[in-house]
Number of protein chains: 2
Amino acid sequence: MRARSYHHGNLRAALLARAEETVRERGVQALSLRELARETGVSHGAPRRHFGDRQALLDALAEDGFVRLGQALDGAVRDAEPDCTARLQALAGAYVRFATRHAALLELMYTGKHREGAESVHAAAEQAFAVSLGVISEAQGSGELVPGDPESLAQVALATLHGLAAMANSGMLDVEELETVVPDAVERLLSGLRRR
Amino acid sequence: MRARSYHHGNLRAALLARAEETVRERGVQALSLRELARETGVSHGAPRRHFGDRQALLDALAEDGFVRLGQALDGAVRDAEPDCTARLQALAGAYVRFATRHAALLELMYTGKHREGAESVHAAAEQAFAVSLGVISEAQGSGELVPGDPESLAQVALATLHGLAAMANSGMLDVEELETVVPDAVERLLSGLRRR
DNA sequence: GACGAATGTAGTCACTGACTACATTCCCTC
DNA sequence: GAGGGAATGTAGTCAGTGACTACATTCGTC
């Protein structure tokens, strides 16, 4: 990155980074293009070159969020013991941790209001959730889980995790409770899905 | 309601009703106090008497949403066969139907950003979810479900439903798919929870 | 019927997102 | 390397918004 001159050099990335910070600290509705420009030391019209309008910026944030979520899930599974239970527990923990640490971002990610680039946000989401699908079909292959459409199993599992995170984020569930509720929920799901 | 005179007569209710409509049709972010006032045929400052600021209006909408959700769940369970499976399936259907029909409102309800009146929104939510708790503890009493903290069982069940609805609303799951996915998910949950 | 409280009106302010015309710089081609 | 078109940033403008204030009208109560 060069010293500040007429051209910033990597405005797009700088805007995204600063925006993510603002969203995390003060929520989506507090994100203003003009303030963002001010904070980034650039004129109020500059962001327009990179994000046609406010929504385009939000879409980009969401997409980025899915990428990072995917990395988090991937890392968690990679670090876990190779058995199905351990991997799913690790995955669950990672998901809920991300969801509570980045509550506003998650809301943005799941708010279906993405347009145009919906495809790319969608693709990023699919990519992020590929990990869980992998874990489940592997466990089915090794006989740890009952057979059945792995996609629908993964859906139910992720939905449960997402729901718990959403309830925690909305204050209907204490965040500390998650530490016990989430493993519990996974265990309950598994007790219905384990081959026996 | 009297003819339009200086005092509207029931502005608060009229604003809420119109606001709910706008939120349903065009989303939360499209709700403007001034436009709302215009549509209701009242000066742009009038809403302020009833809702101190925009967030107060949103909070009231959320609270109202929980009340209506509670009624929907209650009605569904009341109309269902008295056995645990039928009741939970009915409850699940009602929840997901409400969640997809009022996607933006649901988002509003679950967005933890309520202030001050958080207590009342919170209370309305608790009230809405009391039904599911009742169904579960009854089923435990009759021996249909495994024993255990009913609150945590209900949490997992609701979280799953909410997660599925959220995924459908965000376009990650086809709405038509819900018709089969939701009963499936309930059955899967139950297969882990049923006494045997 | 008078009077204080509740409710609605009118006007203002700073701020925002969207848009435009224009300036500067980058980088590709010759 | 020079020239020129594309990319990027600046400056100015516009209508719309939420929040606030002073003021007008009406309601309910004594």
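Letters A, B, ... are given to chains in the order of the sequence lines, protein chains preceding strands, and every chain is numbered from 1. Note that the structure is predicted; figures quoted are calculated from it, not measured.
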What pairs of donor and acceptor atoms, side-chain ones from residues 64-71 of chain B against any protein atom, are under 3.5 angstrom apart with sequence neighbours left out?
from	atom 1	to	atom 2	distance (Å)
B/Arg68	NH2	B/Glu20	OE2	3.1

Test side-chain contact (heavy atoms from CB on, under 4.5 Å) applied to A/Ser137 - qualifying residues, sequence neighbours left out: A/Gln140, A/Pro150

State, with a plain yes or no, whether a side-chain heavy atom of B/Leu16 is found less than 4.5 Å away from one of B/Leu57. yes

Where along residues 14-34 of chain A does a heavy atom come under 4.0 Å from DNA chain C, residue by residue in number order? A/Leu31, A/Ser32, A/Leu33, A/Arg34

All pairs passing side-chain hydrogen bond (donor to acceptor under 3.5 Å, both in side chains) where residues 148-158 of chain A contributes a residue, at least two apart: A/Ser152-B/Arg188

How close or far is atom C1' of C/dG8 from atom CZ of B/Arg12, stated in whole angstroms? 17 Å

From the list C/dA18, D/dA19, D/dT10, which nucleotide is the closest neighbour of the side chain of B/Arg48? D/dA19

Does A/Asn169 reach the main-chain N or O of A/Ala99 with its side chain, forming a donor-acceptor pair under 3.5 Å? yes

Applying side-chain contact (heavy atoms from CB on, under 4.5 Å) to A/Glu81 and not counting sequence neighbours gives A/Asp83, A/Ala86

Expected list for residues 50-58 of chain A near DNA chain C, using heavy atoms below 4.0 Å, is A/Asp53, A/Arg54

Restricting to salt bridge (charged side-chain N to carboxylate O under 4.0 Å, His left out), what partner residues turn up for B/Glu138, sequence neighbours left out? B/Arg87

Taking ring pair (Phe, Tyr, Trp, His ring centres under 6.0 Å) as the test, write out the residues that go with A/His102, two or more places apart. A/Phe98

Just jot down the side-chain contact (heavy atoms from CB on, under 4.5 Å) partners of B/Arg49, sequence neighbours excluded, or say none. none

May I ask you to say what A/Arg38 touches in the nucleic acid, namely base, sugar-phosphate or nothing, with a heavy-atom cut-off under 4.0 Å? sugar-phosphate

Rounded off to whole Å, could you give me the CZ-to-C1' distance for the A/Arg49 and C/dG17 pair? 15 Å

For D/dG12, does the base pair up with any side-chain atom of A/His44 as donor and acceptor (N or O, under 3.5 Å, distance only)? yes

Which hydrophobic side chains are connected to A/Val156, either touching it within the sub-4.5 Å cutoff or through other members that do? A/Leu189, B/Val156, B/Leu189

For B/Phe129, give me all partners under ring pair (Phe, Tyr, Trp, His ring centres under 6.0 Å), at least two apart in sequence or on another chain. none

Divergence of helical axes at both termini of the helix from C/dG1-D/dC30 to C/dC30-D/dG1 - five pairs an end, 10° steps: 20°

Separation of A/Glu35 atom CD from C/dA18 atom P, in whole Å? 16 Å

